[in-house]
Amino acid sequence: MVKVITRENYEEINKELQEAYKKEAEELKTEHFHVGYIVWSKENTINPQYLIDIPQNFQELKAFCNGYGINIDEMESKISNADINYFKGIPVIVAIRRPNKVIGYDGDIEFSNYAMVVDNPDKINGKINEEVSVKLFSHNQPLSQKMAKMISGICPVNQLSLIMGCGALGSKIVMHLARAGQQKLLLSDPDVISPHNMTRHALLGEQVGLNKATALVNSLKMIFPNQEIGISAIEKSGLILAVSPISDHLKWVFDFTASENVFNALTNEESLSVPNVCRANISDLGDLGIMTIEGDDRNPRIDDLQVYLHSLYDKNSKIQKWLKRENKNAKNNSVSVNVGVGCNSETTILADDIISSHASYFSAIIKRQMDKTSQKGKIFLNRIVDDENFYIETESIEVEPFYVMPAENDKTWSIRFKAGIVDRMIAQTKKAGNKETGGVFIGVANYKTKTVHVTELIDAPPDSKANAVCFFRGYKGLPEKIASVREKSGNQLGYIGEWHSHPHGPDGLSGTDMATVARFKSEFEKEITPLPVFLTVVTPRYILPFIF
C-alpha cells in the first residue's frame, strides 16, 4: 500500500506508524513502513540549466537542490528529529520543472532519484551528517499503453478486434500490436502451449501447459502492470464470437489459425457483420507469407482473394513456381507448411526467425490498414529467399470486387466471377450478333462453401459450330489448354464449367441444354473428385448461371 504524506496529514500518519512499530515490538504481526520524500521548489520556476555534478553525499545533495531553488531543510529536520523509517536507506526524489516535456514522459517535470543511507549516529541536533552517502537511482515508471504508442511511433487504431489463433504466428503478431499500444483485443485459441512450441512461440517456458490465449494475456499484464489493458482471452474457437451479437461491435476479425475449417466457416458465414476480415498464413516451406484483407462489404472475400492469387500463375512466374512446389510437396507427402496448414506440429521444420520475419511484416501492414475507412481487397506477400545472403521481397496486390450471383436453380450455390469475366462474355455475345457463341470457364469449386469461382475464360475452340439457335462447343486444342492451366497453377485451378449465349432466348435452359447437363452429370460422377455441372446462359437481358 502507498500513502502520500503531506504537511497536513503528517501527524496522523506518524501516529499510525508508531502504532505499527509498537505492535512489532510486541511481536505482533504487522506491515513494515518506510517513508520517502519528494522535494520541489515553492516557486513555479522553470529550470533550463542542467547540473552535471551528481551528489555523492548529503552536503552535495543540499547544494544540488539549492541550485534549483529547492530548500530541503524541513526534510532534514523531520529525518533528524522524528525519523520513522524502517530501513536506513531513505528515498529522496527531487522534482525539477523543465521548459518542455521531458523525453519519455507526459509532463515537464524531471525526477532525479536518490537514496540516503542515514543511521542513528548521523542525526545530530536536527541536522544530518554532511558525509552521509547519497546514491543516484534511475527513474523508471511502469510502461503504459499510452507510452507504448508514443515509443512505437506507428500504433494501430484501437478498434475492437477478434484474433483467432495464438500459435507461433498469431502470438508474435499479437505481441507486436499490443506493444504498440493496441488496447482492444479478444484473443481466441482452444489449444495449450506444448514444449515444442517454445522453438517458435512468442512466449517462454513458464507458460507451457497454459492455454495459448490466456498465456498471452498473462504476459501482457506483466508488461503493463496494474493497468486495465483491455485485452482478454477466450479458451475456445473465436468463430462463436464472430457470428454472435458481439460481432456488431467488432471492427476486425483476424484469422491466424491456418485452419481450413475456420477458413471455410468464415467464408460461408453470411451473418458475419464485421466490416474487416483479415487472414494470414505461411506457405512454401515457410518461405512465403500471405496476408489477405477483404474489401468493403466482404467483397472480395478471403476465398476470392485466395483464388485470385492462384489465378496470377500466368502473369507472375514466382507465384507459378510456388504453386508448382506446393503441388509437388503434396504429392510427395513432404512435411511442409502448405496453403491452409499450420506449423503447430513438432515435425514441422521451420525456424523462429522465419516466423518472426512474417509476423513483423504482417503486423506492420495491419497497423497501417486499421485506420482505412474504405478499401478494395488486398493481398500482401512476404517472400523470403533463404540462400547464403538471405533476403526478403515484399509485394502488395489490389483486387477488384468479384461479380457475385446465386445459381438460378439452387440458391444455396454462389458463383463469384473475377472482375472482367462477365464483361468479356457480354462483349463476345454482342460480337457474335445473331449467332450463339460460348466458351469454357476456368476456376475452382468448393463443395463445403458451395461456391464456384470463375477466374478466366477459354474461347470456343476453332472446331466449334454455331447458328442462331444452337452452339456446339468443339474440342480442338482445349484439353491441352486446360492441362496447361492445371500444371502451371499447381492443380489449384482447372475446368469448372461452360457458357453460351441465347441471342434470341429463351431466358433459361433449352431442351438441348438440359440434355447436355444430363450427359455431363453422368460423366462427372465417374470422376474421383466429382465436379458440379456448371452452365451459364447469357441472353440480351440476363446472365443466368445454373449448377446441378
Side-chain angles (χ1 to χ4, degrees), residues 161-170 173 186-191 212 234 236-244 247 250 252-284 286 288-295 298-311 322-323 326-327 329-330 336-345 348 358-359 362 366 377-382 397 399 402 404 412-414 416 418 443-453 455 489-493 529:
S161 303
L162 171 64
I163 292 183
M164 296 186 291
C166 299
L169 181 63
I173 295 176
L186 298 172
L187 310 184
S188 166
D189 200 310
D191 199 9
K212 290 178 178 178
I234 307 150
K236 56 187 176 182
S237 170
L239 278 174
I240 298 172
L241 282 180
V243 300
S244 71
S247 67
L250 288 172
W252 283 83
V253 167
F254 294 96
D255 174 19
F256 305 137
T257 63
S259 164
E260 183 181 357
N261 289 335
V262 172
F263 176 82
N264 287 334
L266 273 178
T267 295
N268 217 28
E269 186 49 65
E270 295 181 359
S271 64
L272 185 63
S273 59
V274 177
N276 301 288
V277 178
C278 171
R279 182 175 187 261
N281 65 299
I282 296 174
S283 186
D284 205 9
L288 182 63
I290 306 167
M291 185 167 74
T292 54
I293 299 178
E294 293 186 345
R298 301 205 69 196
N299 189 3
R301 232 168 34 184
I302 51 174
D303 57 333
D304 302 333
L305 295 167
Q306 177 175 280
V307 170
Y308 184 93
L309 179 62
H310 297 166
S311 76
W322 156 58
L323 292 172
E326 287 294 331
N327 188 44
N329 288 333
S336 65
V337 184
N338 206 328
V339 176
V341 179
C343 56
N344 191 46
S345 169
T348 301
H358 294 308
F362 292 154
I366 289 169
K378 300 281 184 65
I379 301 173
F380 297 93
L381 304 178
N382 189 57
I397 303 165
V399 183
F402 275 50
V404 183
T412 64
W413 277 87
S414 174
R416 304 179 74 90
K418 180 178 169 182
V444 63
N446 187 329
Y447 277 98
K448 292 181 179 178
T449 63
K450 303 192 81 171
T451 304
V452 170
H453 280 94
T455 59
S489 70
N491 273 323
Q492 294 293 336
L493 302 172
T529 305

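None of the values given here were measured: they were computed from a predicted structure. Atoms considered below: every heavy atom in the structure, side chains included; atoms not considered: hydrogens, waters and symmetry mates. Along the sequence shown, residues are numbered consecutively beginning with 1.
Within the 3.5 Å criterion, the main-chain N or O of D284 finds a donor-acceptor partner in the side chain of E326.
Qualifying ring-ring contact (aromatic ring centres under 6.0 Å, His included) partners for H358, counting only residues two or more places apart in sequence or in other chains: none. Applying the side-chain hydrogen bond (donor to acceptor under 3.5 Å, both in side chains) test to K450 and every residue at least two apart in sequence or in another chain returns T412. In this view, D189 satisfies the salt bridge (charged side-chain N to carboxylate O under 4.0 Å, His left out) rule with no residue, not counting sequence neighbours. With sequence neighbours left out, the side-chain hydrogen bond (donor to acceptor under 3.5 Å, both in side chains) criterion links W413 to no other residue. Taking the side-chain hydrogen bond (donor to acceptor under 3.5 Å, both in side chains) definition, one finds that T455 meets it with nothing, sequence neighbours left out. By the ring-ring contact (aromatic ring centres under 6.0 Å, His included) test, F256 pairs with F254, sequence neighbours left out.
Taking CD1 of I282 as the start and CG of L169 as the end, the distance is 4.5 Å to the nearest 0.5 Å. Atom CZ of R298 sits about 10.5 Å away from atom CG of N276, to the nearest 0.5 Å. Here the CD-NE2 distance, from Q492 to H453, works out to 13.0 Å after rounding to the nearest 0.5 Å. Rounded to the nearest 0.5 angstrom, L186 CG and I234 CD1 are separated by 4.5 Å. Atoms CZ and CD1, on F263 and I302 in that order, are 5.0 Å from each other to the nearest 0.5 Å. Rounded to the nearest 0.5 Å, atoms CG (L323) and CG (L493) are 8.0 Å apart.
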Query raised in the report: side chain to side chain contact (heavy atoms under 4.5 Å, CB included) between V404 and D304: does it pass, once the steps are laid out?
Result: CA-CA 10 Å; V404 183; D304 302 333; 5.6 Å; no

- [ ] Go through the steps for T449 and T451 under the test side chain to side chain donor-acceptor pair (under 3.5 Å), then give the verdict.
- [x] CA-CA 5 Å; T449 63; T451 304; 3.1 Å; yes

field: Candidate pair W252 and I366, rule side chain to side chain contact (heavy atoms under 4.5 Å, CB included), full reasoning
entry: CA-CA 10 Å; W252 283 83; I366 289 169; over 6 Å; no

- Task: Evaluate the criterion side chain to side chain contact (heavy atoms under 4.5 Å, CB included) for residue pair I163 and I173; output intermediate values, then yes/no.
- Result: CA-CA 10 Å; I163 292 183; I173 295 176; 5.6 Å; no

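Partner L266 forms a side-chain contact (heavy atoms from CB on, under 4.5 Å) with one of M164, R301, E294 and no other, that one being M164. Applying the side-chain contact (heavy atoms from CB on, under 4.5 Å) test between N281 and each of I290, T292, D255 identifies I290 as the sole match.
Among all heavy-atom pairs drawn from L187 and C166, the shortest one is CB-SG, 3.9 Å. Nearest approach of L305 to P300, heavy atoms of both residues: CD2-CG, 3.7 Å. Looking at every heavy atom in both residues, S188 comes nearest to L162 through CB-CD1, 4.2 Å. Residue I293 comes nearest to C278 through the heavy atom pair CG1-SG, 3.9 Å, listed as atom of the first residue, atom of the second, then distance. When all heavy atoms of A445 and V452 are compared, the pair lying nearest together is CB-CG2, 4.2 Å.
N299 places a side-chain heavy atom less than 4.5 Å from the side chain of R416. The side-chain heavy atoms of L381 and L309, taken from C-beta on, include a pair separated by under 4.5 Å.
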